[in-house]
Amino acid sequence: MRIGITCHPTLGGSGVLASELGKFLALRGHSVHFITLGVPYRLRGEFHENIRFHTVEANAYPVFDHAPMNMALAAKMREVAVSESLDVLHVHYAIPHAISAYLAAQMLLPKRLPIVTTLHGTDITLVGQEKSFFELTRFGIEQSTAVTAVSDYLKRKTEEVFHPEKKIRRIYNFADMSLFKHLDGHCHRSAFATEGQVVYMHLSNFRPIKRVEDVVHVFARAANSVDAVLVMIGEGPTLRSARDLAEQLGVADRVRFLGNQHDVPSLMGCGDVFLFPSEVESFGLAPLEAMACEMPVIASDSGGVPEVVVHGETGFLAPVGDVESMGKYAVELGRSAELRKRMGLAGRKRAETVFPPEVAVAQYEALYREVMAG
Ligand code: GMT
């Protein structure tokens, strides 16, 4: 098949998922065309046979306050659909991508361009914050040829909020098990921890929804009785308050802020316990990648996370903001290498059996065939 993919190229789970999907589709012999505002970050510095990039440009023009990027994207989608004879266009996010795709498909008529839209969650929270986007999001959903959501929670939430006539199908996210794995010895552990220290880890874009301060609170509780360090990967608006809190709680010397990192697997592969206390997550790709690396996960019992992390088996869940309980779990895991091993292996097994790339990629392929058949 000849598949167009549009996603946000910056750091974030949706772009990661779209990039990984593109890689796996290309490996299965499909011709994949990324139509984006920049090369997605997980694909930077790599060459993949069967993957091509089409970068959207919008020139500044004195009449416009802002370059009309979504129009430029629609124009590029139309252009690539023609030049590469695309069979299907898969967009990640209803706003703005499904709307740009709708415009492109309208411009191509009477030739048909089926559109698959995958919802990642922020579509819904955006509408929660910005009522004027409600009808536009609903329109994007209804006008797509098919719509998927990354968890049962998100499927349910979308149905509750939009009451769409369009069927929403759930296709779970996945992690590349050959990339995300526990790294014995061959990792950067010695760069941030000494022999015998327990490595707690967090990865996110440090948006307020990630509750990064809770990560520091939980770690501070563990650090009272466990010889440990906290490795914080990522950057964003709450980075400063996390740093300040680490100072206030007296653990700053044991917290390593690494900023945005490209080689995430080589870092995650040497962590011991993953902390992810978000307000809500439609799925939680980072906890899944942590599980693939055999890290037990301590997370909030909210959104789609319980579909990924099984309480008492692959980690521990606690109510949002309950840093006391999360702290107790962090101590329990920090003190017992045996418990970490058991939960880590259970997490890897769950990642391999419930979230393997092969299953999700085959589901997307089947959906592409279905929408192509009309
Ligand atoms: O969570 C973010 O800030 C990034 C966001 C995105 O759109 O890239 O992540 C969303 O999509 C991921 C991939 O499907 C999910 O794993 C995340 O749970 C979801 N984030 C939220 O729902 C807050």
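Start at 1 and go down the list; that is how both ligands and their atoms are numbered. The analysis underlying the following values was restricted to heavy atoms, covering all of them including side chains, and did not include hydrogens, waters or symmetry mates. Numbers for residues simply follow the sequence, beginning at 1.
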*Asks:* Identify the residue among His163, Lys157, Lys155 that makes a side chain to side chain donor-acceptor pair (under 3.5 Å) with Glu159.
*Replies:*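 Checked His163, Lys157, Lys155 against Glu159; only one passes side chain to side chain donor-acceptor pair (under 3.5 Å): Lys155.
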*Asks:* Within 45° of the ring axis of Tyr172 and under 6.0 Å from its six-membered ring centre, is that where the NZ or CZ of Arg170 lies?
*Replies:*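 Cation-pi check for Arg170 and Tyr172: passes.
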*Asks:* Among Arg42, His48, Arg44, find the one that has a side chain to side chain donor-acceptor pair (under 3.5 Å) with Glu46.
*Replies:*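 Exactly one pass, corresponding to His48.
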*Asks:* Between Glu79 and His54, is a side-chain hydrogen bond (donor to acceptor under 3.5 Å, both in side chains) present by the stated rule, with each step listed?
*Replies:* CA-CA 10 Å; Glu79 183 191 313; His54 307 268; over 6 Å; no
*Asks:* Does NZ or CZ of Arg52 lie under 6.0 Å from the centre of the six-membered ring of Phe34, at an angle within 45° of the ring axis?
*Replies:*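 Not flagged: Arg52 not positioned over aromatic ring of Phe34.
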*Asks:* What heavy-atom pair brings Ala228 and Tyr200 nearest, and what distance separates the two atoms?
*Replies:*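 Ala228 and Tyr200 have their closest heavy atoms at CB-CE1, 3.5 Å.
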*Asks:* Which protein N or O atoms sit under 3.5 Å from any N or O of ligand 1? Give atom names and distances.
*Replies:*
| from | atom 1 | to | atom 2 | distance (Å) |
| --- | --- | --- | --- | --- |
| ligand 1 | 1 (O) | Lys210 | NZ | 2.7 |
| ligand 1 | 3 (O) | Asn205 | ND2 | 2.7 |
| ligand 1 | 3 (O) | Arg207 | NE | 2.9 |
| ligand 1 | 3 (O) | Arg207 | NH2 | 2.8 |
| ligand 1 | 7 (O) | Ser14 | OG | 3.2 |
| ligand 1 | 7 (O) | Tyr93 | OH | 2.2 |
| ligand 1 | 8 (O) | Gly13 | N | 2.9 |
| ligand 1 | 8 (O) | Ser14 | N | 2.7 |
| ligand 1 | 8 (O) | Ser14 | OG | 3.0 |
| ligand 1 | 11 (O) | His120 | O | 3.4 |
| ligand 1 | 14 (O) | His120 | ND1 | 2.6 |
| ligand 1 | 14 (O) | Asn173 | ND2 | 2.8 |
| ligand 1 | 16 (O) | Gly284 | N | 3.1 |
| ligand 1 | 16 (O) | Leu285 | N | 3.0 |
| ligand 1 | 18 (O) | Glu281 | OE1 | 2.5 |
| ligand 1 | 18 (O) | Ser282 | N | 3.4 |
| ligand 1 | 18 (O) | Phe283 | N | 3.2 |
| ligand 1 | 18 (O) | Gly284 | N | 3.1 |
| ligand 1 | 20 (N) | Glu281 | OE1 | 3.3 |
| ligand 1 | 22 (O) | Ser282 | N | 2.9 |
| ligand 1 | 22 (O) | Ser282 | OG | 3.4 |

